[in-house]
Asker: 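First the structure, then my questions, so here it is.
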Amino acid sequence: MPDIDLMPSRTAPAPATGTGKPLSVKALRKTYGGVTAVDEVSMEIAAGEFVTFLGSSGSGKTTTLMMIAGFCEPDSGSIVVGGRDVTRLAPQKRGLGFVFQQYLLFPHMTVWENVAFPLQLRDIPKAELRRRVGETLEMAGLSAMARRRPRELSGGQQQRVALCRALVYRPPVILMDEPLGALDKKLRDQLQTEIKRIQQELGLTVIYVTHDQEEALVLSDRIAVMRDGLIDQFDTPQELFERPRTPFVADFLGAANFLPGRLEDQSAEHTLVRLDTGGLITARSQAVPDGARVRAAVQPGRLALCPPGDGFCTGTVETVTYVGTLVRVTVRPVGGAATELIRLELPAGRAPALGENVGLTADPANVSVFPDVLPDPESGG
Ligand code: ADP
Ligand code: MG
């Protein structure tokens with residue numbers, strides 16, 4: 001895609017300031033031949049929010065972002081920016097900023113000229129332009145490099161220039177597609193912190209795309225977990241962790257253990273599940289069909305050890321692996337037909353011994369229950 005398309009045009013609208021709803025997307029859909037890239041995506045994003053599309057490769061993140069940006073035409077649905085329907089508008093008329101994985105800087109221009117370009121396009125007076133470019137470079141720690149050309153910069157510095165170029169004219173919404181994907185881990189961590197700091201300082205509205213759970217958690221006010229062109233859940237990181245609405249979300253974000261069993265009782269206070277291993281686990285209150293086969297989901301970090309015989313399950317410690325201040329432990333449960341290991345993450349000081357007989361417990365608030373789609377072993381199905 002040509003660089004010039006990424007630039008705002010002279011006719012770009014003034015940034016919408018103070019609107020409560022900078023972006024609203026309704027029933028967006030896109031198919032390629034027989035492939036449904038985006039099935040149906042709807043969302044409302046508030047001013048100053050940092051929203052992330054999180055999902056594995058091919059889940060429809062980029063296609064959704066490209067439809068919002070205007071580089072990809074939706075089959076159906078609508079996009080409203082700052083109260084204005086932009087669904088059929090050219091990208092440069094939507095007044096959005098973009099930062100992509102490839103830096104797309106002008107190679108023959110200096111850092112200063114690259115960042116000044118969007119303002120020159122909009123005929124910003126010279127003094128104002130100098131002030132804004134200077135401020136933006138300063139904020140990104142690039143002042144000393146203003147005279148260099150892109151090839152004289154590291155990948156991280158180039159990406160910072162690309163970020164400055166998107167920030168300098170203060171678009172109401174900035175779209176970023178895996179902007180740190182090409183950088184090594186240390187640089188990525190550093191730039192994540194900077195992006196978050198700048199976003200908060202300027203009160204920017206950002207839509208960010210990543211397949212990296214940790215990156216999404218560090219950056220986002222809300223995360224849309226995408227799967228097969230649909231949003232499984234759009235929530236705060238805390239909600240996604242504590243109240244995942246689908247097994248996919250529980251697994252993708254929390255790497256949850258799924259313990260098979262049968263619903264025993266439910267009330268306004270709790271849900272009780274009789275596990276296939278024999279024990280009884282208490283989960284938070286959830287609506288599950290009566291008598292149904294279910295899976296109780298609990299994250300490794302939310303499990304604790306207790307004396308054998310107490311808790312929802314007893315088992316033998318099979319592996320103990322130290323990872324910094326944490327220890328990862330697997331336990332083979334005793335009883336029933338279940339053979340799956342249960343994974344725990346404990347503070348390093350609480351590590352059990354290999355082969356030790358332990359009990360497992362969890363706070364009911366951290367246990368989710370999902371109807372099981374697998375056949376019931378007792379019904380012979
Ligand atoms: P993500 O960014 O989450 O990895 P994409 O939005 O790029 O996913 O792709 C979603 C699906 O749409 C994938 O199955 C992909 O192969 C398909 N797809 C994306 N762009 C095109 C295209 N231009 N032509 C055909 N199929 C496409
Ligand atoms: Mg993508």
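Ligands are counted one by one from 1 in listed order, and the atoms in each one are counted from 1 as well. The figures here come from the full heavy-atom set of this structure, side chains too, leaving out hydrogens, waters and symmetry mates. Just so you know, residue 1 is the first one in the sequence shown, and it goes up from there.
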Asker: Could you check whether Asp276 pairs with Arg295 (Lys NZ or Arg NE/NH1/NH2 to Asp/Glu carboxylate O, under 4.0 Å)?
Answerer: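 Result for this pair is no, no salt bridge flagged.
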Asker: Can we say Arg149 and Glu152 salt-bridge, meaning some charged N sits less than 4.0 Å from an Asp/Glu carboxylate O?
Answerer: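 A salt bridge is absent here (no side-chain N lies under 4.0 Å from a carboxylate O).
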Asker: Heavy atoms, side chains only, cut-off 4.5 Å: are Pro352 and Leu346 in contact?
Answerer: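 SC-SC contact between Pro352 and Leu346 confirmed.
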Asker: I want to check something: taking the side chain as every heavy atom from C-beta on, are Leu253 and Leu217 in contact at a cut-off of under 4.5 Å?
Answerer: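 In short, these two side chains touch, coming nearer than 4.5 Å.
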Asker: Would you say Ile45 and Leu54 are hydrophobically clustered, going by side-chain heavy atoms of ILVMFWY under 4.5 Å?
Answerer: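 No, Ile45 and Leu54 fall in different hydrophobic clusters.
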Asker: Given Ser56, Ser59, Gly58, identify the one with the heavy atom nearest to atom 13 (C) of ligand 1.
Answerer: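 Nearest heavy atom to atom 13 (C) of ligand 1 lies in Gly58.
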Asker: The Mg ion (ligand 2): which protein N, O or S atoms are under 2.8 Å away?
Answerer: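 Near the Mg ion (ligand 2), below 2.8 Å, one finds Thr62 OG1.
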Asker: Flag atom 10 (C) of ligand 1 as yes if some protein heavy-atom distance to it falls below 4.0 Å, otherwise no.
Answerer: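 Looking at atom 10 (C) of ligand 1, one finds that a protein heavy atom does lie closer than 4.0 Å.
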Asker: Is the NZ or CZ atom of Arg222 positioned over Phe234's six-membered ring, under 6.0 angstrom from the centre and within 45° of the axis?
Answerer: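 Ring-cation test returns yes.
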Asker: Among protein heavy atoms, which lies nearest atom 3 (O) of ligand 1, and at what distance?
Answerer: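 Its nearest protein heavy-atom neighbour is Lys61 NZ, 2.8 Å.
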Asker: Starting from atom 6 (O) of ligand 1, which protein heavy atom do you reach first, and at what distance in Å?
Answerer: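 Of every protein heavy atom, Thr63 OG1, 2.5 Å lies nearest to atom 6 (O) of ligand 1.
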Asker: Any atoms of ligand 1 less than 4.0 Å from a non-hydrogen atom of Ala37? List them with their elements.
Answerer: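 Once the distances to Ala37 are compared, the set is 10 (C), 11 (C), 12 (O).
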Asker: Please list the nearest protein heavy atom to atom 14 (O) of ligand 1 with its residue and the distance rounded to 0.1 Å.
Answerer: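 Heavy-atom neighbour on the protein nearest atom 14 (O) of ligand 1: Val35 CG1, 3.9 Å.
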Asker: For atom 20 (N) of ligand 1, what is the closest protein heavy atom, and at what distance to 0.1 Å?
Answerer: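 That would be Tyr32 CE1, 3.3 Å.
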Asker: Check the hydrophobic clustering (I, L, V, M, F, W, Y; side-chain heavy atoms under 4.5 Å; chains of links allowed) and say if Met145 and Val168 are grouped together.
Answerer: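 Linked, Met145 and Val168 end up in one cluster.
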Asker: Looking only at the side chains, is there a donor atom on one of Thr87 and Asp85 sitting less than 3.5 Å from an acceptor on the other?
Answerer: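 Yes, Asp85 and Thr87 have a side-chain donor paired with an acceptor closer than 3.5 Å.
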Asker: Any salt bridge between Arg243 and Asp235, counting N to O under 4.0 Å?
Answerer: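 Looking at Asp235 together with Arg243, the answer is no, because their closest N to O distance does not fall below 4.0 Å.
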Asker: Check this for me, if you would: do Lys30 and Glu73 make a salt bridge, where the nitrogen-to-carboxylate-oxygen distance has to be below 4.0 angstrom?
Answerer: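 Salt bridge absent between Lys30 and Glu73.
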Asker: Give the residue and atom name of whichever protein heavy atom lies nearest to atom 7 (O) of ligand 1, and the separation in Å to one decimal.
Answerer: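 For this ligand atom, the closest protein heavy atom is Thr62 CB, 3.8 Å.
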Asker: Nearest non-hydrogen atom to atom 8 (O) of ligand 1 belongs to which of Gly55, Gly60, Gly33?
Answerer: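 Answer by nearest heavy atom: Gly60.
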